[in-house]
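All remarks here apply to the structure that follows.
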Amino acid sequence: MTKDPMLLTPGPLTTSAATKRAMLRDWGSRDSNFIETNARSRERLLAIADAGDSHVCVPLQGSGTFVVEAVLGTIIPRHAKSLVLINGAYGKRMARILEIMGRAAVTMETPEDRPPSAEAVDAALAEDGDVTHVLAVHCETTTGILNPIVDIARVTAERGRDLVIDAMSSFGAIPLDAGRVPFVAGMASANKCLEGVPGLGFAIVRRQALEAAEGNAHSLSLDLFDQWRAMEGNGQWRFTPPTHVIFALARALDQYET
Ligand SMILES: Cc1ncc(COP(=O)(O)O)c(C=O)c1O
């Protein structure tokens with residue numbers, strides 16, 4: 001076997017031999033072993049954010065952008081207005097997703113080397129009472145800059161608004177603790193800091209908000225409410241699950257926890 005390349009990118013990245021070995025068999029989507037591993041992985045992801053009491057974890061097929069799009073379409077009501085904080089590509093991408101979905105949004109843009117300030121967010125929320133959701137990127141991968149998510153979460157909560165966090169390139173490496181950082185939804189994927197393989201993203205969503213989100217989604221396959229309700233019902237995925245990716249993630253989580 002040729003030596004694996006060392007991937008020095010944010011993700012996909014080099015995975016361990018144990019993680020790769022976890023994929024060397026096949027599972028049916030209704031295998032009890034698969035259903036249990038899926039359920040347990042969802043709990044373990046919630047535990048990383050210390051969010052087991054307040055939130056639920058909903059995995060979704062696809063890359064990280066798929067789960068970002070699913071969260072924005074499902075959690076933000078159709079007539080709500082969002083404030084998107086932009087200091088790089090991934091803030092821009094959330095604004096673009098809202099634009100394509102036809103959801104109202106305003107943006108606050110700072111240069112790529114400057115994080116958004118919590119004071120500016122506070123002032124914007126004071127000025128615009130129509131904004132219901134603030135959308136922020138935890139680590140803006142464009143530059144690697146770490147945005148001040150604790151302060152942004154504090155002012156957002158103080159103003160009674162909801163915070164959505166794209167934690168794609170930070171989750172599992174930089175703490176995101178639901179008790180300390182109030183957020184309605186956080187998104188990440190298997191193949192970044194958790195060191196699983198590509199193929200699924202997941203959202204950690206406040207249970208109450210998800211329960212209220214029926215009918216919000218603009219899309220069938222990106223309807224996170226429906227994905228959650230179906231999975232809670234019979235433990236299965238609505239559509240073909242990325243079985244091997246889930247077993248690889250479970251193995252990567254073993255190593256993460258160790
Ligand atoms: C912060 C952030 N958000 C979203 C994405 C999009 O993820 P994907 O390329 O898996 O769709 C990335 C990818 O690097 C990212 O770093």
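Read the numbers this way: they start at 1 and go in the same order the structure lists the ligands and their atoms.
With hydrogens left out, the protein atom closest to atom 16 (O) of ligand 1 is Thr141 OG1, 2.5 Å, a heavy atom. Scanning the protein for heavy atoms near atom 6 (C) of ligand 1, the closest one is Thr65 OG1, 3.3 Å. When hydrogens are left out, the protein atom nearest atom 10 (O) of ligand 1 is Gly64 N, 2.8 Å; that is the closest non-hydrogen contact.
For the pair Asn38 and Arg42, the minimum side-chain heavy-atom distance is below 4.5 Å. Val106 places none of its side-chain heavy atoms less than 4.5 Å from the side chain of Val84. With contacts defined as side-chain heavy-atom distances shorter than 4.5 Å, the pair His55/Leu46 qualifies. Proximity of Lys192 to Met168: side-chain heavy atoms (C-beta onward) are separated by under 4.5 Å at one or more points.
Using a 4.0 Å cutoff on heavy atoms, Val68 does not count as a contact of ligand 1. Between Lys192 and ligand 1 there is a heavy-atom distance shorter than 4.0 Å. Not a single heavy atom of His138 sits less than 4.0 Å from an atom of ligand 1.
For ligand 1, the atoms closer than 4.0 angstrom to any heavy atom of Arg93 are 6 (C). Every atom of ligand 1 with a heavy atom of Ser63 under 4.0 Å away is listed here by number and element: 8 (P), 10 (O), 11 (O).
Relative orientation of the Phe34 and Phe247 rings is tilted, given thresholds of 30° and 60° on the angle between their planes.
Leu176 is connected to Val121 through a chain of hydrophobic side-chain contacts under 4.5 Å among Ile, Leu, Val, Met, Phe, Trp and Tyr, so both are in one cluster.
The part of Asp166 lying near ligand 1 is the side chain, judged by heavy-atom distances below 4.0 Å.
Looking at Glu195 and Ser16, their side chains never bring a donor and an acceptor atom within 3.5 Å of each other.
Checking only distances, Tyr90 does come within under 3.5 Å of ligand 1, N or O to N or O.
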